[in-house]
Amino acid sequence: MSFPLLTATAALPAIGAIATAAVPAARRTAAKWLALLFSLGTLVLAAVVFLRFEPGGDRYQLTESRAWIADFGVRYELGVDGIGVALLGLTALLIPFVIVAAWHDADPLETKSTRWRPTQGFFALILMVEAMVILSFVATDVFLFYILFEAMLIPMYFLIGGFGDRAHAGSDESAATQRSYAAVKFLLYNLAGGLIMLAAVIGLYVVAGSFSLSEIAEARANGSLEMATSTERWLFLGFFFAFAVKAPLWPLHTWLPNAMGEATAPVAVLITAIVDKVGTFAMLRFCLGLFPEASKWATPVVITLALISILYGALLAVGQRDIKRLIAYASISHFGFIILGIFAMTSQGQSGATLYMVNHGISTAALLLVAGFLITRRGSRLIADYGGVQKVAPVLAGTFLIGGLATLSLPGLAPFVSEFLVLVGTFSAYPVAGIIATSGIVLAALYVLVLYQRTMTGPVQESVRSMPDLRARELAVAVPLIAVLIFLGVFPKPLTEVVNPAVEHTMSDVQKKDPQPEVEAAK
């Protein structure tokens, strides 16, 4: 039996979570270093997965299959394709930076409402989320994926509700109430989507007789699986609704600004850069892979919702007074671009959407973590409480600017490549939608540059005059992320080589080909 590399990659952070939680309460620093060590070990295994993956090989590689719940046809089946390996790499890459950035976020507090913060539990929850997300990217059994899709909500709920942002206006009781509200809203929205998906999962088993993606694909290929049109559409809607909540897509997005606003900056990165990607990834793997005809049937509506998300998120970002909520609404706009690229159903659009998932994760992590360092120094999330920071903390301001420029997809930085491919792929199939989506670029430039102008330029406010610049630990977070943004911005080939063959498989599933350009005959 070959070494179960995918299981090991997911199991290592899970083991790390248990080990970190078991560290004695008095040894908080040891727990932090242990969590970081396990996250780095997971990154090494993820790199091995990436190197062993053959872009021109089988669709699912490094496969594992074992009986799990035999009476119900559920198997422990894993396999990674090009899209999954890219997102697995993103997850493993970001978690060490999240841990380092959150180094002091769960240290004990001495306040009226909270006298202690379980540091070990905080870092254990982060590692547990990592384990579940990695498994969800490689699960090829629908029921196994569903279990992971729902289970990751539990540690995220405690991370949001139990370890909120300390830069909160008002009393400790008010802050705790708002954190609880954000955590419960996050949980209820995602549970509602998950329950609807559960009904669709059961329906799929009744129709297909299996939860295995490979068995369903084989049955479809040999003609032994036939779904009625209405059945396929209902099942598609059940899956898509859950993924649209997770993504999040307008109008199911309202939990995200609350969750990101009340969570610490590293936990906010965990939400939008990692966990939410499970939703868009699942649209490619499950919606388009299992229900190709229903996906094409729903395309006009989904593209319309994606365009609304792009414009709505960008417009609300322009008007925000809270730094973290601004980044949250910007993320809603960016997820609109990702979903637009997926359902444009062109190879450029879907390649761009996959790259966008990766690049958005890195750029949002860079911007949000540096914003978190800024907020920690001043103790406020309000844009109006800043001004002139670049004169007292130039390195902080510079890294914040690069993260912001990546968010608006400046050429030379990684998100530009993905956004360009999404727009090209959309325009070739849906020209009007492509034109409308480009307005999101203009709005992105507006909200990013206005944010930088109001916080970093102008007269130095008295409250930031003594603000220190980035320290060594914070530079260890910001500089590598910026380096990756620049590297993938000028040389995206390592990702495109892996992603493009997987996109070809998805295009084959939905039986779509790229539109051919119209060339006028010479007179």
Side-chain angles (χ1 to χ4, degrees), residues 6-7 10 58-60 63-81 83-84 132-154 189-247 252 278-298 302 342 502 505-506 508-511:
L6 297 181
T7 294
D58 296 337
R59 180 171 188 174
Y60 295 113
T63 56
E64 303 173 31
S65 181
R66 297 175 181 83
W68 183 22
I69 310 175
D71 292 342
F72 296 97
V74 180
R75 297 186 63 81
Y76 176 80
E77 283 194 351
L78 306 181
V80 65
D81 63 356
I83 298 170
M132 293 179 181
V133 170
I134 287 175
L135 265 182
S136 70
F137 287 141
V138 299
T140 56
D141 182 277
V142 178
F143 192 82
L144 174 61
F145 173 84
Y146 170 77
I147 295 296
L148 298 164
F149 186 83
E150 291 289 84
M152 70 180 68
L153 301 179
I154 299 171
Y189 267 65
N190 284 275
L191 280 177
L195 288 173
I196 293 174
M197 179 183 169
L198 176 59
V201 169
I202 295 171
L204 176 66
Y205 182 74
V206 171
V207 174
S210 175
F211 292 116
S212 170
L213 290 180
S214 58
E215 291 181 4
I216 294 173
E218 183 179 353
R220 191 187 296 275
N222 61 31
S224 60
L225 173 60
E226 295 183 3
M227 289 190 196
T229 301
S230 59
T231 301
E232 182 174 343
R233 291 178 180 179
W234 280 112
L235 294 177
F236 166 86
L237 291 173
F239 277 81
F240 181 79
F241 182 85
F243 304 152
V245 172
K246 182 86 78 178
L252 304 171
V278 176
T280 47
F281 162 80
M283 290 181 187
L284 277 166
R285 172 166 286 187
F286 297 102
C287 287
L288 272 62
L290 294 174
F291 316 111
E293 295 303 321
S295 297
K296 290 186 283 189
W297 162 75
V302 176
I342 291 171
H505 285 298
T506 305
S508 176
D509 288 339
V510 293
Q511 299 180 349

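Counting begins at 1 with the first residue of the sequence. Heavy-atom basis, side chains included; hydrogens, waters and symmetry copies ignored.
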Quiz item: Rounded to the nearest 0.5 Å, how far apart are OG1 of Thr7 and CG of Leu135?
Solution: 7.0 Å
Exercise. Over 60° means perpendicular and under 30° means parallel, so classify the ring planes of Phe236 and Phe291, tilted if in between.
Key: perpendicular
Self-check item: Donor-acceptor contact present, side-chain Arg285 to main-chain Ala139, <3.5 Å
Solution: yes
Practice problem: Measure the spacing between OH of Tyr76 and CG of Leu144 and express it to the nearest 0.5 Å. | Solution: 7.0 Å
Practice problem: Not counting sequence neighbours, which residues clear side-chain hydrogen bond (donor to acceptor under 3.5 Å, both in side chains) with Ser65? List them please. | Solution: Arg75, Glu77
Practice problem: Check Gly194 against Glu150 and note the closest heavy-atom contact, atom names and distance. | Solution: CA-OE1, 3.4 Å
Exercise. Measure the CD1-CE distance between Ile134 and Met152 for me, rounded to the nearest 0.5 Å.
Key: 10.5 Å
Quiz item: Would you say the side chain of Leu235 lies within less than 4.5 Å of the side chain of Met227, judging by non-hydrogen atoms?
Solution: yes
Exercise. Check the pair Leu6, Glu64 against side chain to side chain contact (heavy atoms under 4.5 Å, CB included), reporting the backbone distance first and the verdict last.
Key: CA-CA 8 Å; Leu6 297 181; Glu64 303 173 31; 3.5 Å; yes
Quiz item: If you round to the nearest 0.5 Å, how far is CH2 of Trp68 from CG of Asp141?
Solution: 7.5 Å
Quiz item: Can you tell me how far CD1 of Ile216 sits from CG of Leu204, rounded to the nearest 0.5 angstrom?
Solution: 4.5 Å
Quiz item: Is it true that a side-chain atom of Glu232 and a backbone atom of Glu293 form a donor plus acceptor pair closer than 3.5 Å?
Solution: yes
Quiz item: Which residues pass the ring-ring contact (aromatic ring centres under 6.0 Å, His included) test with Phe143, sequence neighbours left out?
Solution: Phe211
Practice problem: Classify the angle between the aromatic ring planes of Phe243 and Phe149 as parallel (below 30°), tilted (30 to 60°) or perpendicular (above 60°). | Solution: perpendicular
Quiz item: In Å and rounded to the nearest 0.5 Å, what is the CG to CD1 distance from Leu191 to Ile196?
Solution: 11.5 Å
Practice problem: Could you tell me whether the side chain of Thr140 and the main chain of Leu213 form a donor-acceptor pair under 3.5 Å? | Solution: no
Quiz prompt | Closest non-hydrogen atom pair between Cys287 and Ser295, with its separation | solution = O-OG, 2.9 Å
Self-check item: Heavy-atom pair with the smallest gap, counting every atom of Ala244 and Leu252
Solution: CB-CD1, 3.9 Å
Practice problem: Kindly write out the residues that satisfy ring-ring contact (aromatic ring centres under 6.0 Å, His included) with Phe137, not counting sequence neighbours, or none if the list is empty. | Solution: Phe281
Exercise. Walk me through it: do Phe286 and Val201 pass the test side chain to side chain contact (heavy atoms under 4.5 Å, CB included)?
Key: CA-CA 11 Å; Phe286 297 102; Val201 169; over 6 Å; no
Quiz prompt | Considering all heavy atoms, the nearest Ile83-Thr506 contact | solution = CD1-OG1, 4.3 Å
Quiz item: Below 4.5 Å, heavy atoms only, C-beta onward: do Val142 and Tyr205 meet side chain to side chain?
Solution: no
Quiz item: Between Phe241 and Met197, is a side chain to side chain contact (heavy atoms under 4.5 Å, CB included) present by the stated rule, with each step listed?
Solution: CA-CA 7 Å; Phe241 182 85; Met197 179 183 169; over 6 Å; no
Quiz item: Taking side chain as C-beta onward, heavy atoms only, is Val74 less than 4.5 Å from Tyr146?
Solution: no
Quiz prompt | Donor-acceptor pair between Ser214 and Ser212 side chains, under 3.5 angstrom | solution = yes
Quiz item: Looking only at heavy atoms, what is the nearest atom pair of Gly193 and Ala242, with distance?
Solution: O-CB, 3.1 Å
Practice problem: For His505 and Leu284, run side chain to side chain contact (heavy atoms under 4.5 Å, CB included): C-alpha distance rounded to whole Å, both residues' side-chain angles, the deciding distance at 0.1 Å, then the answer. | Solution: CA-CA 10 Å; His505 285 298; Leu284 277 166; over 6 Å; no
